[in-house]
2 protein chains.
Amino acid sequence: MRLTTKGRFAVTAMIDVALHGTDGPVTLAAVSERQRISLSYLEQLFGKLRRSGLVDSVRGPGGGYLLARTAAELSVAEIIVAVDEPIDATQCGGRENCLDDRRCMTHDLWAGLNNHIFSFLSGVSLAHLVAQQQAVAAKAMETRKAPAGTKPCKVPVTAAA
Amino acid sequence: MRLTTKGRFAVTAMIDVALHGTDGPVTLAAVSERQRISLSYLEQLFGKLRRSGLVDSVRGPGGGYLLARTAAELSVAEIIVAVDEPIDATQCGGRENCLDDRRCMTHDLWAGLNNHIFSFLSGVSLAHLVAQQQAVAAKAMETRKAPAGTKPCKVPVTAAA
DNA sequence: GTTTAGTTGACTAAATTATTCGGGTATACA
DNA sequence: TGTATACCCGAATAATTTAGTCAACTAAAC
């Protein structure tokens, strides 16, 4: 389990698809413009997401990508695993020879920690993130009368379009 | 919160110090040999760990590094944060201008997820990892009579020196 | 049959990770 | 006082990953 910006891009894009895919496929061009992620990079990421069975693709005009399951059934862990390289995890696992004690210690140690993180992220669904975000947006709408400019980056009231 | 092999190296090295630092400082040369991590890389990592107050250093002959606190008081989260770059986290937070709705959505979204992961890893102490590993080692010792060679990478019985 | 949009692969640039090198400084010890 | 040990520091480098670009191709709608 690795956590980099690559996985973030993937999750962000998936949330975009979840939000905008309610009535038909979402084109990567649209995601690219909204999320400011390069189109070709998205193509790479969605190629992996598709091969992992997380999204379905529709070709031709009016086509695009759709979630293969509901947002509630798609976990953050799945998305990150799909786009991140298999990760050699522990240098000794398999091909590499096991040099000495400590090496193996590291192996088991990280395998255990990986499991923890993985199971944690498996419990976080796309729907959960969306709901959380919408709650923040709703809260921001109520406190809109607060002095403008206090915080440059704030969730706009039109977020959940 | 980022999770890469860099953080793993740091945690692995810290565990090595925890295990071998019971009676005096541990030299990076020893850690380097045991964990097969390049000495200079360790120096870089421990420079950060020291500046973050996670380890204390002793110079001169017989010197080395010691945990600044007990293993139970050192969390995995602290170690990873210490060695990983500050991480720009969200492209819009501060310097960057907030282009549109979605940009900010990503911001809050990841900030939330970061908090989750961070608090989770904050609950995992160095002592916890060591204990977990020793439990595995103890178990391996009992089942030592199993046919040799079934699993090339196994925790040796002499691990908890 | 033209346009839309996914599909694929190769190629490049930038960033990060990992390593190497070459010097320093503080301290124990003889 | 000298010398060896081991931390300390910064620069340079190689390898890998991330991010972006380009070009050609395929499937489907109209």
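Values reported hereafter were calculated over all heavy atoms of this structure, with side chains retained and with hydrogens, waters and symmetry mates removed. Chain identifiers are assigned alphabetically (A, B, ...) following the order of the sequence lines, protein sequences preceding nucleic acid strands; residue numbering begins at 1 within each chain.
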[X] near the nucleic acid: base, sugar-phosphate alone, or nothing, with a heavy-atom cut-off under 4.0 Å?
{"X": "A:Gly64", "result": "sugar-phosphate"}
{"X": "B:Val83", "result": "nothing"}
{"X": "B:Tyr65", "result": "sugar-phosphate"}

For a quick test of your reading: what N or O donor-acceptor pairs under 3.5 Å do the side chains of residues 52-68 of chain A make, sequence neighbours left out?
unit_1: A:Ser52; atom_1: OG; unit_2: A:Lys48; atom_2: O; d: 3.0

*Would you say A:Arg59 reaches C:dT8's phosphate, i.e. side-chain N/O to OP1/OP2 under 4.0 Å?*
no

_Below 4.0 Å: OP1/OP2 of D:dA6 and any side-chain N or O of B:Arg50_ = no

*Where each residue is assigned the nucleotide of DNA chain C containing its nearest heavy atom, which of A:Ser57 and A:Pro61 is assigned the position nearer the 5′ end?*
A:Pro61

For [X] and [Y], indicate whether the former's side chain and the latter's backbone hold a donor-acceptor pair under 3.5 Å.
{"X": "B:His20", "Y": "B:Asp16", "answer": "yes"}
{"X": "A:Ser75", "Y": "A:Val124", "answer": "no"}
{"X": "B:Ser119", "Y": "B:Asn115", "answer": "yes"}
{"X": "B:Thr5", "Y": "B:Arg8", "answer": "no"}
{"X": "B:Thr27", "Y": "B:Ala30", "answer": "yes"}

Could you state the atom-to-atom distance from [atom1] of [X] to [atom2] of [N] in whole Å?
{"X": "A:Leu45", "N": "D:dT17", "atom1": "CG", "atom2": "P", "result": "16 Å"}
{"X": "A:Ile80", "N": "D:dT18", "atom1": "CD1", "atom2": "C1'", "result": "15 Å"}
{"X": "B:Phe46", "N": "D:dC7", "atom1": "CZ", "atom2": "P", "result": "9 Å"}
{"X": "B:Glu43", "N": "D:dT5", "atom1": "CD", "atom2": "C1'", "result": "13 Å"}
{"X": "B:Leu28", "N": "C:dT19", "atom1": "CG", "atom2": "C1'", "result": "15 Å"}
{"X": "A:Lys48", "N": "C:dT7", "atom1": "NZ", "atom2": "C1'", "result": "15 Å"}
{"X": "B:Leu42", "N": "C:dA18", "atom1": "CG", "atom2": "P", "result": "11 Å"}
{"X": "B:Asp56", "N": "C:dA26", "atom1": "CG", "atom2": "P", "result": "18 Å"}

_Strictly below 4.0 Å, N to O, side chains only: are A:Arg69 and A:Glu78 in salt-bridge contact?_
yes

Below 3.5 Å is the cut-off: list the nitrogen or oxygen pairs between protein and nucleotides 19-21 of chain D, distance only.
unit_1: D:dA19; atom_1: OP1; unit_2: A:Thr5; atom_2: OG1; d: 2.3
unit_1: D:dA19; atom_1: OP2; unit_2: A:Lys6; atom_2: N; d: 3.3
unit_1: D:dA19; atom_1: OP2; unit_2: A:Tyr41; atom_2: OH; d: 2.6
unit_1: D:dG20; atom_1: N7; unit_2: A:Gln44; atom_2: NE2; d: 3.4
unit_1: D:dG20; atom_1: O6; unit_2: A:Gln44; atom_2: NE2; d: 2.4

